[in-house]
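The block underneath contains the structure these notes are about, expressed in structure tokens.
Residue numbering restarts at 1 for every chain, and letters A, B, ... go by the order of the sequence lines. Computed from heavy atoms alone, side chains included, the values below leave out hydrogens, waters and symmetry copies. Owing to the predicted nature of the structure, the values given are computational and were not obtained by experimental measurement.
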Amino acid sequence: MTRVAVVRFPGSNCEPETCRAVERAGGTAFYVWHRDTSLADADAVILPGGFSYGDYLRSGAIARFSPIMEPIRRHAAAGAPVLGLCNGFQILCEAGLLPGALVRNAGLKYLSRPVDVRIERTDTPFTSAYRPGEVIRIPVGHGDGRFAAADSVLDALEAEGRVVLRYTGPAAPDAPENPNGSMRSIAGVCNPAGNVVGMMPHPERLAESALGSDAGHRVFLSLVRSLGRTDPVSERRSPAGVP
Amino acid sequence: MTNVTLGIEAHPFPGERAVTPAVVREHNLNDREYAEIVAMLRRAPTLTELGIFSALWSEHCSYKHTRPVLRTFPTTGPQVIQGPGENAGVLRLLDGWAVAFKIESHNHPSAVEPYQGAATGVGGILRDVFTMGARPVAVLNSLRLGPLDDARNRYLFAGIVKGVGDYGNCVGIPTLGGEVAFAPGYSGNPLVNAMCVGLLREKDLMRARAHGVGNVLLTMGARTGRDGIHGASFASEELSEKSEARRPQVQVGDPFTEKLLLEATLELIESGLTVGIQDMGAAGLTSSSAEMAARGGVGVELDTSLVPTREPGMSPYEIMLSESQERMLVVAEPHRVEAIQAVCAKWELTATPVGRVTEDGLFRVVHEGVVVAAIPGEKLIDGCPVYHPEAVEPAAVGARRRASPAGAPRADPAGALLLLLDDPSVASKRWVYEQYDSTVQAETVLGPGGDAGVLRVPGTGFGLALSVDCNQRYVALDPYEGGKAAVAEAARNVACTGAVPLGITDCLNFGNPDRPEVFFQFREACRGIADACRAFGTPVTGGNVSLYNESPTGAIDPTPTVGMVGLLRDVGKRVPSHFRAPGDPIVLLGTSRGHLGGSSYWEVVHDFVGGAPPPVQLEAEAALQRLLADAADQGLLRSAHDCSDGGLAVALAECCIGEPYATAPLGAQVNLGNEPGLAPEGVLYAEDAGRVVVTTPPGSARGLCTLAARHGVPAEPVGTVGESNGLLEIHTRNDHLTYRWTVPELRRIYFDALPRRMGGESDRSMEGR
Amino acid sequence: MTWRVHVRILPRAGLLDPQGQAVEHALAALRFPEASNVHVGKAVALDIAAPSAAEAEAKVRAMCDQLLANPVTEDYEIEVDVGGSA
Amino acid sequence: MTWRVHVRILPRAGLLDPQGQAVEHALAALRFPEASNVHVGKAVALDIAAPSAAEAEAKVRAMCDQLLANPVTEDYEIEVDVGGSA
Ligand SMILES: Nc1ncnc2c1ncn2[C@@H]1O[C@H](COP(=O)(O)OP(=O)(O)O)[C@@H](O)[C@H]1O
Ligand SMILES: [Mg+2]
């Protein structure tokens, strides 16, 4: 069984659905607390969405100092999968595990809506079950989601193919293509080795057809498959209980 | 001066102000109430006691003007686990699950400081629900503002929406619905009503009672500051220049601490470590401790010098009356205190013993060894005089009901639809609900933008449908019919998804009850709510009264907001609001009478607010609700949307425009108006109650009509869904006219109305953080 | 003349400042025990065209009262950089 | 000695500052055309216990580098109020 640690920071709030999404894909999910100093033999780590430390000062700025970040760094350096979703992405950027920063949306308001994103890379542990260039519609919910970095960094990201997800429009005839003004419409990036991925949209929120779409399911399926330990029974998307 | 006569002794805290007649008046206690207090204590109260009485005997806490009327609500039913009187009402669902829900106003604080006022309103209602052991799974909000051409109203609107959003978003509770309306009476007096819905296992229900003499009281969560001192009595007076000056310190919300408090509270309840738990809402420590004691039939003693404060030198008066947010009061057996503190520490919170349960029935406050308050606890809660204000309908209201518009309309019947879709009260509220997280928790089945929000109960196949509604125009013109209409619309919205309405919570926003016309509105609106709830079998499980919603410019429109919860047995069968596919037959359910009284059409196109609002036929509404649930269950519905503001034409336009993120809106061809003598305005824009536009799968229209006949609901196939980006064509049979609109244009107007008006307002999003 | 003006907007004393508290805790955890009484607010920087520093300040005061600061929850301070530029 | 220290954190020059732009527009709409080049950032105020103003500043610089400012998108300035208090 693929063991996935879902990190709870004070103020995280997407942990239950993240665990359910992992389990629906055939993995085993468990919580680790931000003060823990080990990942309890996890094969992969997910930093879930939410408002760690209330987003005070800057989203992710305080959480990055949590004790759990040390084992996460080691895990990442060893090439094992690490995924940051929304606030988790913000924390990974603040921690320097991913490049750039996520700043206030260009519209200056919190934005909750579905977006269309294109899968730009399918050789990461979190996107391998998608087709290259596939466009999926999943929700965003963030106030600080505008990806920003120096031009040189952006050029390097493009050159190295490290843009994993890009906003593409339109998700509605009258909606802007790039919902938060992210530079180069970037919705998700990875580290040079491709094992650390961060994205602003929430695949875990739309990962079962009972809610209208399972567009996000394959993020978790990719992970479980890439670790090569799929449990054939639970892959049948049995509805998982709340962990 | 020591206050000893024959009563129980209490002493002024050194340095505090003497209780003079002026000070009594400042506390909003009238002569009769003060005399009751002196008689009860058999001496003059200390300042701390005066503050305690002032808080608990405010309308907000005592319901002294409204209790007799509220008693007339139906509150029982097989589904009711907990009716009014606790922090939230609780209804039974399936498989051992129950739903706790409640609505509350935060009008006055939001008028002063929109961002924090609205944010702390959400915080308060979340605590009311998790205090019961329920995990919050949805919030809804009902907002009323003055017209958006006024900069102050735009500022209030922007701040309120941001405040509601930031708080719920941060705690991680999806906002699944709400309503917003604009009318001149709300200028300077906005309404912010927030509803929270939580889920629990019936066996885990926690009631907020103190019992067990010797048990310990602990405060848990944030420190106590000077925030909102006298918020409860502030909320019970009219806004005036004077209240500006003696405005309490603004309460600032901290949703981050709230989230920790939520987790810690649920863990404490689940672990069985507590005897009782209650949030500190209005009047903070005073009301939480006094109410818990009264419910448990015991006394309490608090030592305010033990309460952790944010600032040094706070007096017992200030500590008792502080409305600092994100605090809870816990009652526990002494040997559990350490375990409770350990749970709190895990969530980075503190819990501090500050008092104990006593056997003498007294509400006693000690500070640094001085007894500063000693009041018979039961009388403190029940002793407040009850008032029966006079209720008279002014003749002018009756005249207004009989009137009809005089001048020429601002547009012909075709152009009227464009004006209506551009009216901020009718237009899409996407500008609002995009600022609210509606998908966190990943149980959202139908998000905002339709008739009701629907969520799934985790780990099950069933769900809840939720809606908040009130048409204040109807209530102003005819409070009884308006009260009925609020319940009927909420129930209809819930029923449109296929759910069965289960029960309501209400938030009764009115003006000053001492004015007979206001109390008339109150009494009659409540009678309407009660009658409708009886007819639908949806008991009132709780709610909130907000009076004195008046500013120097006048009273608000009476606004009894109804929050409805419905049960959807199979979320797989939920019915969305909007048209789904070209070729689907369109069926109109209900009876069209061309009733334009009280309509949006008259308001927007004739600048005339008047006429009698459409009467609600309660039996017909109930039959319609049953039909919708049956039809959904049998798979006969592809979409269902009720007619409300703007009547049938607006409802059809909304069905065509589609869900907010639809890639392409759909057209429709519709034939209307068999009723002889109906003018096109009446056919298009009448607001007859009890009507729903539905679509069926191709070939099922007849089946639906047969089912409708069995339920006694008139049903008429009226047309067909058209092509994407097509036309909405409405043919009125009486006069052989066909009205045509291009749906993409309707869509643009409908979605652009609020952003166009609020465009520049984002600057004030500097508010908050 | 153009003046560079800085405005510092902080939560009013006595009001809860959860952001300031969070930062203070974080600093303590990072072994900066020397920090206390931490508050977090907004900084606004602007160029103001005005004949004198005093008039630039008066203008910005008006801007603060009308827009930049919340009169109910915030206090502000204005600093005009000495020596404007033509 | 305790020093009152103010930190001003502004978006790095050249980075899009939508909040600054929005404020500039709003000011123009309120008839303050004299404002230009508006930027909005954060103000942090703290008391620092340190033997000298220079050491207080050095401490706060370290806090900024580690926590208070984001090196990718923000620049900061530190001001130590002259004359600390004992
Ligand atoms: N304040 C709000 N918060 C969240 N959603 C809202 C709000 N106002 C309106 N909505 C969404 O827009 C939908 C349509 O609103 P409205 O036109 O008032 O509906 P109805 O007439 O069916 O009650 C609501 O059901 C809700 O989903
Ligand atoms: Mg409706």
Among D/V5, D/I9, D/V44, the residue with the most heavy-atom pairs under 4.5 Å to chain C is D/V44

Okay, C/A56 and chain D: the region with an atom under 4.5 Å from a heavy atom over there is neither

Distance col, row D/R31:CZ vs C/Q66:CD, nearest 0.5 angstrom, shows 11.0 Å

So, the part of C/L10 with a heavy atom under 4.5 Å from chain D: the answer is side chain

The interface call for D/A50 against chain C, heavy-atom contacts under 4.5 Å, is neither

Whatever's closer than 4.5 Å to a heavy atom in chain D on C/E79 counts as side chain

Under 4.5 Å to a heavy atom of chain C? For D/L27 that would be both

Given C/I48, C/V23, C/V38, C/N37, the one with more heavy-atom pairs under 4.5 angstrom with chain D than any other is C/N37

The reported gap from NE2 in C/H39 to CG in D/L46 (rounded to nearest 0.5 angstrom) is 9.5 Å

Given C/S36, C/A49, C/A26, C/A35, the one with more heavy-atom pairs under 4.5 angstrom with chain D than any other is C/S36

Between the CE atom in D/M63 and the CG atom in C/L30, the distance rounded to the nearest 0.5 Å is 9.5 Å

